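Order of listing sets the numbers, starting from 1, for every ligand and every atom in it. Quick caveat: nothing in here was measured; it's all calculated off a predicted structure.
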Amino acid sequence: MKVYSRRVVLCVVAVSMLLLLSEISFAQQQPLRSITYRLSMPRPVSHLFEVSIEIELPPGLENQAFEFQMPRWSPGRYAVFDFAKNVQEFSAAAGICPAGSFCDMAMRPVTRIDDQTWSVAPLGSSSLTITYKVFANDLSGTFSQLDSRHANYNGGCIFMYVVGHKPDSVKLTINPPPGWKIVNGRIERPGQKEWLFANWDIMIDTPTEIAPDWSKDDFQVDGKRYHVVVHSMGDEGGKRANLVRDIEKIVRAETALWGSPEFEEYTFLIHFAADDHSGDGMEHLTSTQIIEPGALADQGVYDDTLGTVAHEFFHVWNVKRLRPLELGPWDFTRPANTRGLWVAEGITNYYGHLMLRRAGLWDDARFLRRESFTIASIENAPGSRLMSAEESSLSAPFLDGARHAQKTNLANTSISYYPKGELIGMVLDLLLRGRTSGKASLDDVMRQMYDEFYLKSPSASYYLRGKGYRTEDFQRVASQVAGFGVDDFFKLHVRGVETLPYDEAFGYVGLRLARTRSPDPFTGISLDFEVQRTATIDNVRNDSPAEDAGLQQGDEIIELAGKPLARDNWSSTLGRYKPGDSVPITVKRDRRTIRTNLVLGQPARFEYKIEERPDATAEQKALRVAWLKGS
Ligand SMILES: [Zn+2]
Ligand SMILES: [Zn+2]
């Protein structure tokens, strides 16, 4: 760090303030005369989308360079993916050719100025046409896919924005292959191929499916229209009608909590990919993309889909409209850093499960089993004593779907804000209900937040109604609704890593958390379940018997106690030994065979079960009914 004289610092501040003001006034006062995106897909088997961006410049800007930028990441998934890596054949021409005609346009110089940005000089032209192609062959809520079956895109990895002009309104025209139909969450008329969006951010919030053979089922709740669009790559087993009926039950349960949603229409875009690897769910303002790796007919896929629907639809309010300060509009040159993902995602996880109960799709026992499972996943994780819910939120770029070229210790040092936020939400809900004898709940906190920050706040940006909240705001509103301070709770359990007060929370509703030590001796080894046959070590706990034995991630265990080992007989072989036993173990690492001894530790894993208290009172049972059924 350098030390500057006070005078110099003041000058620097003054100059940067001026620059900032001039940039802001430029962005707000000088929108381009028009920005039009055209998307075509003339050769689906190539996986190449073709994009053109036509811009008309205001007078006087014909000699200023314009920058076109591909986002590093896109909203809802916080890992950095650098979408620019799939851009090819970027070029620029002077003028705009009328749609459907051919024009011989003069080219304009293009300078690649960094990994995500292309700069174009109009050289006196009052309009420009930019063209490029994007390779896309991933079916997901973040990436896009074009192949012989369909085009499914998420705009963040397809459409560059014009730097400084994200707030401008944009037009989009899609030119589909013959016989392919377009559907998204902003269809206003049958056969629609053109859209006008208030800004670029709204355009990329509109994932779109283009294919010859998707199906659409509709229902209405409280005058709002819902569409269930399904593209099945496998057998549906006759389950689609029931699926639509159960999605309607979820919509009814969630709108009962929040009140009527702001939109008139909402679209569930669902893929049954039948490829055994594509799976995702992504929230948007008037739609959601849901991708299941199986076929609808497969065992378990139906239930998984409903679980994702319950989660994603809750995001209509929590995260899409009621949002942390940093989540919209976004800076796509760097990862999003927010402390609030434990609210945005974790509390959504909690309600996703609770809403399945309130919709009548789960019974009490199934909901409590699911929460017991979440408690076990957090309480047995070494990272839960090292990383708080807020730190986990800030670490999202490393945790949320990130792929690491460098080896990490994250399995030992991190927790996910999804399950941690889910448990914070549940325990806070029960403390509010219990300490106020049922007068307040987390439902009230969420509604109050939505009212204050979305419905009643003046718009803080071009992007969307309302303004973002800070986690301190959530803390304040929770205290107001509760009628008692929750500052200590936040200090210990949101910013700190103290174990949540499960006993107090469950006690209010006549339940308790039973904790039993699992009999298995402790090794510190987790196996890689992505690897089908061999017993390959995915993670070694710090300060564990495995670490003492010198084992490490990536080692392939070939023998335990002299017997050949595969993934399937790891547990049964280990089960023959007890804590303190020294078991010979042989692993393959690179080209070496390593023999060592694993000295088994005392059992360290606990099982958790939320169960009925024998002394539960009528009042406690009534509070439980209000919690699980909603009131
Ligand atoms: Zn599709
Ligand atoms: Zn989510």
Does K467, at its NZ atom, have more than 12 non-hydrogen atoms belonging to other residues, nucleotides or ligands within less than 6.0 Å?
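Not more than 12 within 6.0 Å, no.
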The Zn ion (ligand 2) as vertex, arms to NE2 of H315 and OE1 of E345: angle to 10°?
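Value, to the nearest 10 degrees: 100°.
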Here's one to test your reading of the geometry: is the NZ or CZ of K181 within 45 degrees of the ring axis of W214 and under 6.0 Å from its centre?
yes
Does the ring of Y454 carry R465 above it, NZ/CZ under 6.0 angstrom from centre and within 45° of its axis?
yes
So Y153 and I174, side-chain contact (heavy atoms from CB on, under 4.5 Å) or not? Walk me through it.
CA-CA 12 Å; Y153 77 77; I174 300 175; 3.6 Å; yes
Mind reading off the angle at the Zn ion (ligand 1) between the OE1 atom of E209 and the ND1 atom of H231, rounded to 10°?
140°
Restricting to N/O/S, name the atom of H150 that gets closest to the Zn ion (ligand 1).
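Relative to the Zn ion (ligand 1), the closest nitrogen, oxygen or sulfur of H150 carries the name ND1.
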